[in-house]
Q: 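Here it is: the structure, laid out below.
Scope of the values below: all heavy atoms of this structure, side chains included, with no hydrogens, waters or symmetry mates. The first residue of the sequence shown is numbered 1, and numbering continues consecutively from there.
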Amino acid sequence: MSINNRWFQLGASLIAMIMIANLQYAWTLFVQPLQGATGWKLSDIQFAFTLFILFQTWVQPLDGWLIDRLGPRGFISAAGVLCALGWAGMGYATSLPMLYALYCLAGTGAAFVYSGSIGSALKWFKEGRGLASGIMAAGFGGGTALFIPFISSMLESSGHRATFVATGVLQGLVILIVAQFLRHPAAEAISAKPTAGGAAQLGKRQFTTLEMLRTPQFYVLYISFVLMATGGLLVTANAGPMAKSWGLSAAALTLAATLSPLANGASRIFWGWASDRLGRENTMIVAFTLQAFFLYLVVAIGQQSAALFAFTLVMVYFTWGEIYSLFPATCTDIYGRKFATTNYGMLYTAKGTAALLVPLANVLTTATGSWHAVFNVAAVLNIVAAVMALFVLKPIRLRLIAQDRGHA
């Protein structure tokens, strides 16, 4: 298979994405060991997670702009070094500022990998874009499943320091190797010529990021992304503390942490594939509504047993992960492929905005004495996103398609 084959490029980028999955989705396993070893407050430790998300998202518009113009190899090579140093270094963090700085370093590396890999899928695949972006995003959402049993075992036997170092070095080395094979498609494969009709040219005009920011549909997408990202990030950051507060065993958390990434990864592939056939907004309406229902079930029945805890978390992830395939595909459908890395990088900052709401969950939980209020609010946000998909996003796309046909 040629290095310029789109499936080869998809596979190589997928490996890099799998290697950064632990940086976000295995974090919850390290929270309690860190707290036990340092005595730091839970809210202070979880602030590191918020900073990671901010760097992993808000760096992307800048690195995406550079990757669109210079290619992915150099940036993802640098990412391997940053991820290794940041994640492994957290094992030696002796203060909160040191922990924050190292997690931000790892977040910057993760940003390079994520934007470069998703951008590659969007550029190489004109047809089946939902499926391609879903497969790529699945590496990030589901890759942790390969490591969770090892991480849980090593945390118990060797402690958090050795576990940070071992996984950090391994992940960084693999990313560095894979980066040497990454390429963008030939320039002629992506039409860069603007066409008459401006925003009416759905997916035909290659919008720059500044042009994209002048269109109202971008802000509709952005708000919807923020609303949907919040619930899943709450679960990701607080699954461990939540299980502890409900008196569930470590085995229950390990079961949920092992199955949830599989559901998260499957979600991105399944809903991405479905959106290629049912339409992006129709798929959003169904998935977002189901997400609201399962967020409610987490607090309604999740604390009753280990099985129900694992089941509700798995279903939350299966109805949440799709945002990382639906939004990049929708963004590229509308704004074109040439600047897809930068444009989706800008949209992806919505995840960072949502991360700012995560610390509020601890405040609300402390104030109310339970997790119910947090998850009920998150469920309502998802219903709002589903309504926006039906009454705002879908009419916008239909209007653009109609204008497109008129120009044709």
Q: Relative to each other, are the rings of Tyr344 and Tyr348 parallel, tilted or perpendicular (30° and 60° limits)?
A: tilted
Q: Please name the pair of heavy atoms, one in Phe327 and one in Leu347, separated by the smallest distance, quoted to 0.1 Å.
A: O-CD2, 3.8 Å
Q: Parallel, tilted or perpendicular: which describes the rings of Phe8 and Phe181, with under 30° parallel and over 60° perpendicular?
A: perpendicular
Q: Before giving the answer on salt bridge (Lys or Arg N to Asp or Glu O under 4.0 Å), spell out for Asp333 and Arg280 the whole-Å C-alpha distance, their side-chain angles and the decisive distance to 0.1 Å.
A: CA-CA 10 Å; Asp333 288 347; Arg280 311 290 185 218; 2.8 Å; yes
Q: Answer yes or no: is there a side-chain heavy-atom contact under 4.5 Å between Gln217 and Tyr335?
A: yes
Q: Taking side-chain contact (heavy atoms from CB on, under 4.5 Å) as the definition, give me every residue that meets it alongside Leu82, ordered by chain and number, with sequence neighbours left out.
A: Leu105, Thr108, Phe112
Q: Does atom OH of Tyr296 have more than 12 heavy-atom neighbours from other groups under 6.0 Å away?
A: no
Q: How are the rings of Trp320 and Tyr324 set to each other: parallel, tilted or perpendicular (split at 30° and 60°)?
A: perpendicular
Q: Set out, in order, the CA-CA distance, both residues' side-chain angles and the distance that settles side chain to side chain contact (heavy atoms under 4.5 Å, CB included) for Phe225 and Thr353, then state yes or no.
A: CA-CA 9 Å; Phe225 203 146; Thr353 303; over 6 Å; no
Q: Please determine whether the number of non-hydrogen atoms from other residues, nucleotides or ligands lying under 6.0 Å from atom OH of Tyr100 exceeds 12.
A: yes
Q: Could you tell me which non-hydrogen atom of Ile118 sits nearest to which non-hydrogen atom of Ser133, and how far apart they are?
A: CD1-O, 4.1 Å
Q: I need the minimum non-hydrogen distance between Leu213 and Tyr219, along with the two atoms involved.
A: O-OH, 2.7 Å
Q: Take the angle between the ring planes of Tyr103 and Phe52 and call it parallel below 30°, perpendicular above 60°, tilted in between.
A: parallel
Q: Which word best sums up how the rings of Phe164 and Phe30 line up, parallel for under 30°, tilted for 30 to 60°, or perpendicular for over 60°?
A: parallel
Q: Assign the ring pair Phe49 / Trp27 to parallel, tilted or perpendicular, where the plane angle (0 to 90°) is split at 30° and 60°.
A: parallel
